[in-house]
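Scroll down for the structure; my scribbles are underneath it.
Heavy-atom basis, side chains included; hydrogens, waters and symmetry copies ignored. Sequence lines set the chain letters: A, B, ... in the order given, protein chains first and strands last, and positions in each chain run from 1.
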Amino acid sequence: MKQIQQQLIDDLSKASSMKEVEEIRVRYLGKKGLLTLQWKNADFKSMSPDERKNFGIEFNKTKNLAEAKIREAMEKQQAAGSRSIDVDATLPGTDRRLGCLHPITLIRMELEEIFHGMGFKVLAGNDVEEEFYNFDALNIPADHPARETQDTFWLTNGMLLRTHTSAYQVRAMKKFGTPLRAIFPGRCFRYESVDASHENTFYQLEGLMVDIDISIANLIGVMKTLLGEIFRKEVTVRLRPGFFPFVEPGFELDCQCLICEGRGCPTCKSTGWIELIPCGLVHPKVLEYGSIDSEKYSGFAFGLGLTRLAMMKFGIPEIRLFNSGDIRFYGQFPASGSI
Amino acid sequence: MKISLEWISQYVDISDLEPDTIANNLTMATAEVEGVEILTRTIQGIVVGEVVAVEKISKDKNLSLAEVECGGKRYMTVCGAPNVRIGMKSAFAPPGVTIAGDLKIEKSRIAGHISEGILCSSRELGMSEFHDIILEIPAAVKTGTLLSEIMPEKDAIVEIDNKSLTHRPDLWGHYGFAREIAAIFGRELKPLDLDDLTAYQSLPEYPLEIQDYAGCPCYCCMEMKLAVRPSPLPIQWRLHALGQRTFNLLVDLTNYIMLELAQPMHAFDGDKLKAVKVGPFGKEGTFTTLDDQPRKMQSKDLMIWNEKEPVALAGIMGGVNSEVSESTSKLLLESANFLGSRIRRTSVRLGLRTDASQRFEKDQPPINTKVAIQRFISLVKQSGADHEILSRLTIDGDLKDDFRPVNVSVDFLNARVGMQIPKSEMFRILKSLGFTAEDKDDKTITAGIPPFRSAKDISIPYDILEEICRVYGFDNIEPQLPQQYTEAVHVNVKLRNEHKARRTLALGHGFMEVHTYSWFDDYWLQMLRFDPGKTLVLENPSAGNMSRMRTTLLPNMLNLVRQNNLHRDEFRLFEMGRVYQPTEDDKCDETTRLCGISYRQTKSYNLELHFRELRGILEDLALATSAGDLSLSPLEETKDKSTIAGHQAKIMINKNKVGFIGIPENRILKELAPNAQVIWFEIEFDKFFGPIYPAIKYERSSEFPGSWMDFSIVWDTDAGYDKLIEKIDKFSHPLIVKREFVALYKGKPLPQGKGSYSFRYLIGLKERTITGEEIEEFKKQYLEFLKSQELELR
């Protein structure tokens, strides 16, 4: 038995693969293994009880040792990269079920979560809107260029496809009254030829806050907080005059270019600033249209171009890709967003 | 809109300010600056010369040999400009001087003649891009004068984004910007030199009548004689710097004043006019503008009439029939005010947009009609040109020259800004912008809105707020978050469920979310032989075949199969989008739909299994959105044109129809993708949701193991699973914990039309382990039940 033991140790020391160790295991411990046969072929009848006992002890000792040595050799081989089972963990996975969400949805989910956390309701207006809510109620006069067919899709029944999510402002005011904190994302339409940088169908997200003594300082404060959440870092913003009939005063909110940090680069056209959010204090006429006392209440409104934000965030160079129907485009946005 | 800072410096001292500083401050307080361009004129060594002799030396090339006298020195030069003539003064570059383009002038031989130096065009002096004629310098300038002594070498041109000026008609001229810059930097604004015109009060009025005050609120005119001569150099270099050609004093002055005051002017040939009327064209017809183009006129187009003959397209362009020519002895100077929307409508329709129409579109203040004429006369006098005034200033309409008072509470202003701005600062800012400002009482100020600011732009306290804070500086306002909101913010159940459905499909079932347009493509509908019936229709669609608003998402989604079938062997797509149904009263019923498509590029895959995958997805959707119990009706074949032909089954929630699932017929499949399986579903999503956080009730599992038992039952596949379930679920037994469907087997040795449906029952009790006898008894009863139902075990 000692001889077998030594032989096993010698064999194992020469083994260079898991397969060889396995062969050794079979050779010694298999059904017809050298060690197994020692037991099977032993002539117990001719042994005295003491001999039998000693043989048993000796056999078990040898077997245990053999098993331990083989296990050790296997572990050594495994550490060296050999496998004991036929599973290659490095092969690519199958049966994957994670699909894709539209980049607009990803941005929407993220913004809705941010705004919800800031106390804003999420609402939705309609794509097909009355002329009144899209224009008149927003203090856009009858002779304004935007109302002509050059810019607006009109329906034969006199309604139109909303040109901005602002169209829901007055409806939201009427429906929910004050105080009001709400956002309303949605599809918007402009009568335009589609090319790399123009689309007739795009997405906006409108925000509205109406309460007692809402100020320009509040507007800047909320916008700064919002952008900090979107870009996950402190952002520098600036407010400059911008003209929109439904706000007074109206602003363009620029954010310092995050790529060059204001030094000037192709993204910001060397200005150091990215024009991001048109906003302003809600025009008192608009509050009145929304049945809100403009003497007592004030508010601010802002518009985020979701499509534009998605282009910035995901580096999408052409606006027409969003509605292209091309799965090679949609396939690049795994459903990793969440709320 | 381009602004010359050299011009601005005539009214405000900006000598210590960098152009970029001015540009940046304008962006922050007034209007967006798109860029600053430094203009450098190459005028070193250029002298004023008089052409004393001209001789044509070539017919075809229009070359002349000119003799130029420059303060005692005479040069011979070959010149190709058509306007060279004896007696004119121009800019001369003698040999050795370098002109624009880094070109050094040397004595040379041209067309067989010695040419010493050149007579310069504007471009050769770096003043502009114009180079077809040589510069004309007024006779009053002495020959031999160095140009660099009378013309500034540098200018900075600030380009303003026109879109940020739509509400500021006063900023379409340099003086408006000068006022802004003076206010922003706290400097003095020098007044314009204006002639008070009192000297002409005794002259007769010009016959003038406005017949349409809505379209033309105010019209000023004056008849005069004016010598044809070149404009003073400052007028020329400024116009050139801003990309305007120069012609002669009359034309240049009308352009100059437009760029200075934003008030367009027009000069008629006074010999051809007897009286002026302003009114609509009145019918359809043709009118020839002074660019010799016949224009198709409509009845409402506003015209200037000479008695019964139209002579100008109001606010856009004059007529060829009243154009000033060389034979003109007197002229009628027009300075009028027109309603912006009227001018814009005509100009857009005719595709004729001019500097004048661009300004009138913004609704200019009427006061400027008079100011422009005062300025014109003042500039004529400064130029020293011969002139004679023939009529007094004649005005019809309202000049609206009063300051308009508006009362504003100081508390209101501070509350809306969100900080305290001292009242003295408010006064200073308002006055710097040309407003008046005074205390009404201790809490209220009265601001007087100057007549040059449009009423559309400024009329209410909020407008005064804007004026004060933009000059005060938005950057000086400290950001401040609004007070904490204590009200609970409710989740929008409908929108949240839309997201839930999106995530169920995308996270759990490999779907890809897509967007398609909100309208149908008629050509594609024809291919599908699908007729949506009545839809909402676009008045001005992006293309003729895209005028009908979608009433279902399905056709556009099917088109994506055709579009993408080469990119992947299989894919699943969905769209969550709006559809638009016309209502009885011709309005719109807008609802949300969810449409899904599963595509497999093979026919060998088991279609039934493919369909069951989709059904499983719908079941998951119903569960995830807590919509209710989902069931499907049996598939039925349909050729109805109001649906996508093929097989369809109703999708039901709690027995109510919420949508359809279907397989298109082969003819359609061929259009989509040959040799493929396509299964679609479309759900009326507004009917497909329940609570976001459903009340789920926990049921305790038994602690005692139960027994599993399998039975396979042979059944008609055509009759369907639901019918079988209806039958076997008649069997009730207290030991049944649950029943599961395991598999369906079709094929040998079963006959055609038969299937083997395997079910697995779990039987047991909550209180104890069941005995072998109980199991045997259950089995016996079940088999007896099957027999009674004439159901056969396999």
### Task
Could you tell me which portion of B:Gln563 (side chain, backbone, both or neither) has an atom closer than 4.5 angstrom to a non-hydrogen atom of chain A?
side chain
#### Entry: Side chain, backbone, both or neither of B:Ala543 within contact of chain A (heavy atoms, under 4.5 Å)
neither
### Query
By a 4.5 Å heavy-atom criterion (distance strictly below it), what part of B:Met549 contacts chain A: side chain, backbone, both, or neither?
side chain
### Query
Quick one: what part of B:Tyr580 sits under 4.5 Å from any heavy atom of chain A, side chain, backbone, both or neither?
side chain
### Task
Measure A:Thr236 against the heavy atoms of chain B and call it side chain, backbone, both or neither at under 4.5 Å.
neither
### Atom NZ of B:Lys500 with >12 non-hydrogen neighbours under 6.0 angstrom
yes
### Query
Tell me, side chain or backbone of A:Ser324 under 4.5 Å from chain B's heavy atoms, or both, or neither?
backbone
#### Entry: Working for ring-ring contact (aromatic ring centres under 6.0 Å, His included), residues B:His515 and A:Tyr330
CA-CA 9 Å; B:His515 282 171; A:Tyr330 303 121; 7.4 Å; no
### Query
Run the side chain to side chain contact (heavy atoms under 4.5 Å, CB included) check on A:Asn157 and B:Leu536 step by step: do they pass?
CA-CA 8 Å; A:Asn157 68 356; B:Leu536 289 172; 3.4 Å; yes
### Query
So B:Phe474 and A:Phe251, would you call those rings parallel, tilted or perpendicular, with 30° and 60° as cut-offs?
perpendicular
### Which of A:Val128, A:Ile220, A:Val122 touches chain B most, by non-hydrogen pairs under 4.5 Å
A:Val128
### Contact class of B:Leu573 relative to chain A, heavy atoms under 4.5 angstrom
side chain
### Message
I need the residue from B:Val417, B:Asp475, B:Asn556 with the largest number of non-hydrogen atom pairs under 4.5 Å to chain A.
### Response
B:Val417
### Message
For the interface with chain B, which of A:Gly158, A:Ser298, A:Pro103, A:Ala142 has the highest count of heavy-atom pairs at distances below 4.5 Å?
### Response
A:Ser298
### Query
Given that the side chain runs from C-beta out, which part of A:Leu281 has a heavy atom under 4.5 Å from chain B: side chain, backbone, both or neither?
side chain
### Message
Report which part of A:Val247 has an atom under 4.5 Å of a heavy atom belonging to chain B: side chain, backbone, both, or neither.
### Response
neither
### Task
Report yes if some heavy atom in the side chain of A:Ile327 is under 4.5 Å from a heavy atom in the side chain of B:Leu560; otherwise report no.
no
### Query
Using a distance-only test with no angle check, is there a side-chain donor-acceptor pair under 3.5 angstrom linking A:His102 and B:Glu575?
no
### Task
Under 4.5 Å heavy-atom distance to chain B, tell me which part of A:Phe115 shows up: side chain, backbone, both or neither.
neither
### Query
For B:Thr516, is it the side chain, the backbone, both or neither that has a heavy atom under 4.5 Å from a heavy atom of chain A?
backbone
### Query
What part of B:Met28 gets closer than 4.5 Å to chain A, counting heavy atoms only: side chain, backbone, both or neither?
both
### Message
As a quick check of understanding, evaluate side chain to side chain contact (heavy atoms under 4.5 Å, CB included) for B:Arg416 and A:Ile214, giving each step before the final call.
### Response
CA-CA 7 Å; B:Arg416 293 298 175 268; A:Ile214 292 292; over 6 Å; no
### Query
Where on A:Glu129 is there a heavy atom nearer than 4.5 Å to chain B: the side chain, the backbone, both, or neither?
neither
### Message
Check the orientation of B:His167 and A:Phe243. Use parallel for under 30°, tilted for 30 to 60°, and perpendicular for over 60°.
### Response
parallel
### Between A:Tyr191 and B:Asn540: side-chain donor-acceptor atoms closer than 3.5 Å
no
### Query
Side chain, backbone, both or neither: which part of A:Phe189 has a heavy atom under 4.5 Å from chain B?
side chain
### Query
Are side-chain N/O atoms of B:Glu513 and A:Thr105 paired as donor and acceptor at under 3.5 Å?
yes
